[in-house]
Every structure is written in C-alpha cells, then in structure tokens.
Colleague: 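Quick one: the structure is below, questions incoming.
Letters go in sequence order (proteins before strands), and every chain restarts at 1.
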Amino acid sequence: MKPAPFEYHAPTSLDAALALKAEHGDDGKPLAGGQSLIPAMNFRVAQPSLLIDLNHIPELRHITKPNGSVHIGSMTLQSSAERDKLIAEHVPLLHEAIPNIAHPQIRNRGTIGGSLAHADPASELPVVALALGARFRAQSSAGERWIEAKDFFAGLFATALQTDELLTEIAFPTKTARTGYCFTEVARRHGDYAMAGLAAIVELDANDKIAAAKLVYLNVGDGPVDAASAAASLIGKAPEAAAFKEAGRIASQEDMHPFGNVHATPEYQRHLSAVLTERALATATQRAKVA
Amino acid sequence: MSNSYPITVTINGKTIEKQVEPRMLLADFIRHEAGLTGTHVGCEHGVCGACTVLFDGKPVRSCIMLAVQANGHELTTVEGLAQSEDNMHPIQNAFWEAHGLQCGFCTPGILMTLVPFLEENKNPNEAEVREAISGNLCRCTGYQHIVDATLLAAKKLNEVAE
Ligand SMILES: Cc1cc2nc3c(=O)[nH]c(=O)nc-3n(C[C@H](O)[C@H](O)[C@H](O)COP(=O)(O)OP(=O)(O)OC[C@H]3O[C@@H](n4cnc5c(N)ncnc54)[C@H](O)[C@@H]3O)c2cc1C
Ligand code: FES
Ligand code: FES
C-alpha cells in the first residue's frame with residue numbers, strides 16, 4: 001500500500017527541527033532512516049500528519065570520543081557505524097552487534113538513533129545500549145537532558161522521550177581492562193530479526209574469578225531484558241562451563257518471559273537463550289583474559 | 001493538505017525534474033514518473049529486495065524511501081547497467097549464461113545488490129555470496145543458480161579488470 005497524505009518538512013538545522021517538534025508535538029513525526037517508519041506508513045499502521053525529515057541536519061551525524069565514551073550522533077547511518085574505527089576499537093560490543101541488524105541495503109539508510117528511538121524489543125541496539133549503560137541525549141527547544149539506558153526504554157516501542165524532544169546523541173562507554181564483550185544471536189536467515197540473542201559482558205578479577213557480569217537479551221520481553229539474577233549468580237565464581245550453564249538456566253527460566261512469535265515458541269526462545277548464554281559467556285571470558 | 005514539491009533527481013546519468021507529493025515512494029517515482037519499470041515492487045515494506053537501486057552508489061530499498069528524499073541525489077537502476085542492448089554488463093552476461101534467473105522478477109534487485117558487493121569483494125566465496133543476497137527473495141530459482149551466476153560474474157569482472 002501507499003502512505004496516507006502528510007505534510008513534509010526537511011529542516012537544515014537542529015534548532016529548526018526542535019522548533020517544529022515544539023510546535024507540533026506528537027503530530028510531528030521525526031523521519032530518520034525511515035526503515036521502520038515508512039513500512040509502517042505503507043501499511044497505514046502509522047499515519048503521521050507531518051514528517052520532520054532529520055536527514056539534512058549535519059550536526060546529527062558524527063562519531064567522536066571525548067572522554068571515556070564514544071558519542072554517536074543520532075542520524076549516524078548504521079552502515080557508517082559498522083565501518084567506523086573508533087567504534088571498532090573502543091566499543092567492540094557495538095561493533096560486533098551492528099552487522100546483525102537487517103541487510104546492507106537497510107543499514108545504508110537506517111540510523112543508530114532511529115533504531116534506539118524505535119525501541120523494538122527484537123532489535124540489537126537497545127540490548128547493546130542497556131548492557132553497556134549507554135546515555136541518551138534528549139534535546140528540545142527548552143533545553144536538554146541525558147537519560148540513562150535503564151530509564152530510556154519504557155516498554156514495547158516506547159521510550160522516555162517527551163513529545164517535544166529529539167534524540168540527538170548517544171554516549172557508549174568505552175571498553176575497560178580485564179573485561180570481555182560478546183554479542184550473539186540466532187536468526188532463521190542472516191539479517192532477519194533474531195529469535196533469540198544476547199549481549200554478555202564479563203569482568204575478571206586478579207585471580208581470574210568473575211568480578212562483574214551483565215547479560216541482556218533481545219526479543220524475550222517488551223524491551224531489552226536485563227537478566228540480573230543470572231548475572232549475579234556468576235559473581236565470585238571461576239569462569240567455567242558449569243557456572244555458564246547455571247547462568248543460562250536462571251536467565252532463560254527466571255529472568256525472561258518470552259511471548260513467542262510465528263517463528264519460535266516461548267519454550268524454543270528459552271532454549272536458544274540458554275544455549276547462547278553459555279556460548280556468549282565462554283567467548284566474553286576468553287576476550288576478558290587478553291583485555 | 002499534501003502539497004507537491006519540485007525535485008531534481010539524476011537517474012542513470014539523466015537529470016529529471018518533477019513535482020511530487022511527499023507521500024510518493026521513490027520506487028513509484030522511478031517506475032511511474034521516470035518510466036523506468038526495471039525496478040520492481042514486490043512487498044512495499046523492505047523485505048523482498050526487488051526494488052533495490054543504487055542511491056549515491058549504495059544499494060537501498062526504493063520502496064521505503066520517499067521520492068522527495070532523492071532530491072539532489074544520484075540513482076542507478078538496472079537500466080543503467082548495460083552500455084547498450086548488445087553490450088551487457090558482465091554481471092548480466094553471467095546471469096544469462098549460468099541461468100541466474102527464471103521469471104526475472106527478483107533479478108533487478110539482485111543485480112543492484114550484487115554490483116556494489118562485487119566491487120568491494122573481488123573474490124567472494126559461496127557463503128559470502130549467500131550472505132550478500134540474504135536480503136533478496138527469489139521465488140523461482142532456489143538461489144543455487146544465482147550463487148553460481150554471481151561467482152561467474154566475479155570471474156568475468158576480474159578478467160575485464162586485467
Ligand atoms: C526488512 C527489514 C529488516 C530489518 N531487520 C532488523 C533487524 O534485524 N534488527 C533491527 O534492529 N532492526 C531491523 N530493521 C529495522 C531497521 O534497523 C531500522 O533502521 C530501525 O529500526 C529504525 O531506524 P531508522 O533510522 O530507519 O528510523 P525510522 O524508521 O525513520 O524511525 C523509527 C522511529 O523512531 C523515531 N525516531 C527516529 N529518529 C528519532 C530521533 N532522533 N528522535 C526521536 N525519535 C526518532 C521515528 O519517528 C519513528 O517513530 C529492519 C528493517 C527492515 C525494513
Ligand atoms: S518492494 Fe521494496 S523490498 Fe520489497
Ligand atoms: S527468478 Fe523469479 S523470483 Fe527470482
């Protein structure tokens with residue numbers, strides 16, 4: 001199908017975009033890569049009366065490393081971030097996750113900020129952002145604020161952004177010593193939305209015991225799912241198969257409540273999540289030892 | 001409510017100026033306004049890949065972009081590949097020789113996906129080719145001949161380069 005009629009604005013500065021957002025609120029829909037929004041408009045699931053195209057605002061496309069984090073402008077293309085050297089070197093978890101997003105043709109238009117603002121529980125980037133404790137810069141014509149990842153995702157396709165705010169930048173903490181990161185998922189076909197997947201982070205202490213851990217899953221809840229009790233079960237333990245298996249059991253049986261979908265039953269999603277947990281923890285541990 | 005906007009788009013080296021409604025999809029602009037019907041429309045939600053064109057040299061889905069967003073940009077469609085009817089692009093010759101198509105509906109999107117892929121990957125293996133076309137659906141071939149044709153195309157392109 002075709003989109004319903006709408007008014008179109010393509011501001012060339014952030015101030016102009018924020019003024020439009022202030023004036024039109026919820027009726028003024030930001031258009032980033034359009035890779036989720038336009039399909040929804042074609043199906044008329046979304047019928048915005050006004051689109052604010054953010055593609056002509058150069059200030060929103062940048063990747064910098066001020067201190068302790070890599071800052072990514074919300075309109076940075078997924079394909080640019082995928083090839084970026086700063087990200088590859090300093091935020092390896094993000095670098096590993098991006099190629100799992102859709103296909104190259106989609107990543108050539110889709111943006112980092114668009115995926116995060118869309119907050120699809122099946123998406124890779126919200127999982128990475130929550131696992132790393134990324135921070136989100138929300139700007140409006142009245143001012144700006146930074147939102148922690150744990151407060152940013154507010155349920156199914158919902159975020160903490162107010163109707164007059166735009167997501168302008170995301171700050172991803174850089175990698176730290178003795179810490180290993182791993183992103184892995186299972187999809188029916190490369191590029192499809194995954195049936196299950198996770199980001200795992202393992203930090204080792206001086207005796208090679210697990211000092212800290214983080215496990216965040218996709219597509220098994222109404223947002224990225226932080227398996228806190230599974231991660232807590234690892235603390236103080238030697239990073240070995242038995243501990244990984246137990247963490248996978250706790251995560252898949254206690255921390256998550258998958259809905260299932262046409263491709264996978266909830267039981268299958270739990271099974272995949274458990275198996276992937278073991279693999280991700282083993283890989284993250286290997287990486288922590290040499291980090 | 002929906003006003004129309006003047007846009008200027010270069011397609012296969014030719015500049016086109018038109019007035020379009022903002023809701024016109026780029027795929028429809030290419031087919032109905034520019035009259036280039038080689039770009040196919042299968043699903044209109046970004047899944048099948050039939051509408052893939054090059055946007056400033058990079059493959060994108062033209063069904064989930066607006067025509068107004070192409071203002072000032074350069075597009076290449078499947079019609080832009082061959083130099084003339086009897087001088088096809090090496091990748092087109094490879095698809096012909098290795099039976100890389102049956103009904104041909106998916107072919108334009110597959111070619112426009114593979115042309116930039118083969119520019120970046122001179123000697124791809126089978127697994128890489130399969131991943132490269134993972135975003136394109138074909139309901140006829142079962143993909144094997146598409147993969148064969150792509151590997152043949154890589155060989156032909158390397159010969160041309162030598
Ligand atoms: C076939 C196909 C397969 C896909 N597979 C995957 C996949 O496997 N994994 C995955 O994660 N994604 C997948 N996607 C989605 C893709 O990654 C999208 O690019 C992404 O979800 C949205 O980013 P976008 O830049 O295209 O945003 P848009 O579609 O333009 O916008 C999405 C939403 O976010 C809002 N928005 C955008 N930017 C801002 C901003 N700066 N401030 C406030 N609100 C904003 C928009 O108003 C809209 O509501 C797929 C898409 C397609 C078509
Ligand atoms: S018609 Fe564009 S991807 Fe199917
Ligand atoms: S040849 Fe018929 S769809 Fe691919």
Colleague: Tell me, side chain or backbone of A:Leu51 under 4.5 Å from chain B's heavy atoms, or both, or neither?
Modeller: side chain

Colleague: Taking B:His40 for its side chain and B:Phe105 for its backbone only, find out whether a donor-acceptor pair lies under 3.5 Å.
Modeller: yes

Colleague: Can you say whether the rings of A:Phe152 and A:Phe136 are parallel (under 30°), tilted (30 to 60°) or perpendicular (over 60°)?
Modeller: parallel

Colleague: Would you mind telling me which of A:Gln35, A:His56, A:Met1, A:His103 has the largest number of heavy-atom pairs within less than 4.5 Å of chain B?
Modeller: A:His103

Colleague: Write down the atom of A:Pro48, the atom of A:Phe6, and the distance for their closest heavy-atom approach.
Modeller: O-CB, 3.3 Å

Colleague: Could you check whether B:Lys14 pairs with B:Glu79 (Lys NZ or Arg NE/NH1/NH2 to Asp/Glu carboxylate O, under 4.0 Å)?
Modeller: no

Colleague: Taking side chain as everything from C-beta outward and backbone as N, CA, C, O, which of these in B:Phe117 sits under 4.5 Å from a heavy atom of chain A? Side chain, backbone, both or neither.
Modeller: neither

Colleague: Using heavy-atom distances under 4.5 Å, tell me whether B:Met112 contacts chain A through its side chain, its backbone, both, or neither.
Modeller: neither

Colleague: Checking B:Ile64 against chain A: side chain, backbone, both or neither under 4.5 Å from a heavy atom?
Modeller: both

Colleague: Given that the side chain runs from C-beta out, which part of A:Ala4 has a heavy atom under 4.5 Å from chain B: side chain, backbone, both or neither?
Modeller: backbone

Colleague: For the pair B:Glu126 and B:Arg130, find out whether any cationic side-chain nitrogen is under 4.0 Å from an anionic carboxylate oxygen.
Modeller: yes

